Amino acid sequence: FGKGFVNGAALPAILKNWWPIITPENVEAASAETSVFDQADEEALQWLGHEDEDEDYDADNLERFRRKRADKLATLQQNRRRGASITYEQLCEVASHLCRILN
């Protein structure tokens, strides 16, 4: 926290250092209960753009097209979350949700 934040990619390792029983899935669940990654998720959604502007738009097979977009969005969100700046206060917020999840 020398710069006042850590990258989102470091969040599971830091919390695992505090509690060895922590898994990345636990951290993801606890983070989902907070607003820690809201900005990263919004940036991923903006980067993906509108459905009708997607170069892979497939009017003949909308279900396949939407599954492909959902996969693309999940990848973008993961990448944005890994680079997100997490403050000490946000880390503590996620930790408090972890306490509830683990107990």
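Reckoned from all heavy atoms, side chains included, excluding hydrogens, waters and symmetry mates. Predicted model, so just to flag it, every value in this text is computed and none were measured. All residue numbers in this chain count up from 1 along the given sequence.
- Contact of the Y88 side chain with the V6 side chain is not registered, since no non-hydrogen atoms from C-beta on lie closer than 4.5 Å.
- Shown here is E43, whose CD atom has more than 12 heavy atoms of other residues, nucleotides or ligands within 6.0 Å.
- In this structure, the separation between CZ on R80 and CD on E42 is 11.5 Å, given to the nearest 0.5 Å.
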Which pairs would a plain distance check flag for residues 91-98, meaning a side-chain donor or acceptor within less than 3.5 Å of a matching protein atom at least two apart in sequence or in another chain?
{"unit_1": "S96", "atom_1": "OG", "unit_2": "E93", "atom_2": "O", "d": "2.8"}
{"unit_1": "H97", "atom_1": "ND1", "unit_2": "E33", "atom_2": "OE1", "d": "2.7"}

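- Looking at L102, I101, N17 one by one, the single match for side chain to side chain contact (heavy atoms under 4.5 Å, CB included) with I22 turns out to be L102.
- Remark: L48 CG to K72 NZ distance equals 6.0 Å, nearest 0.5 Å.
- Looking only at side-chain heavy atoms (C-beta outward), Q77 and L73 come within less than 4.5 Å of each other.
- Judged purely by atom type and a 3.5 angstrom limit, D71 has no side-chain atom pairing as donor or acceptor with the backbone of K68.
- Within the 4.5 Å cutoff, the side chain of Q90 has no heavy atoms near those of the T34 side chain.
- Connection of L76 to V36 is not established within any shared hydrophobic cluster, with ILVMFWY side chains joined at heavy-atom distances below 4.5 Å, either directly or through further cluster members.
- Atom NZ in K16 sits 8.5 Å away from atom CD1 in I21 (nearest 0.5 Å).
- Under a hydrophobic-cluster definition in which Ile, Leu, Val, Met, Phe, Trp and Tyr are linked whenever side-chain heavy atoms come within less than 4.5 Å, directly or via other members, F65 and L45 are assigned to different clusters.
- The shortest non-hydrogen separation linking S31 to L11 is OG-CD2, 3.8 Å.
- Other residues, nucleotides and ligands contribute over 12 non-hydrogen atoms within 6.0 Å of the CH2 atom of W19.
- Side chains of D41 and R81 form a contact here, defined as non-hydrogen atoms less than 4.5 Å apart.
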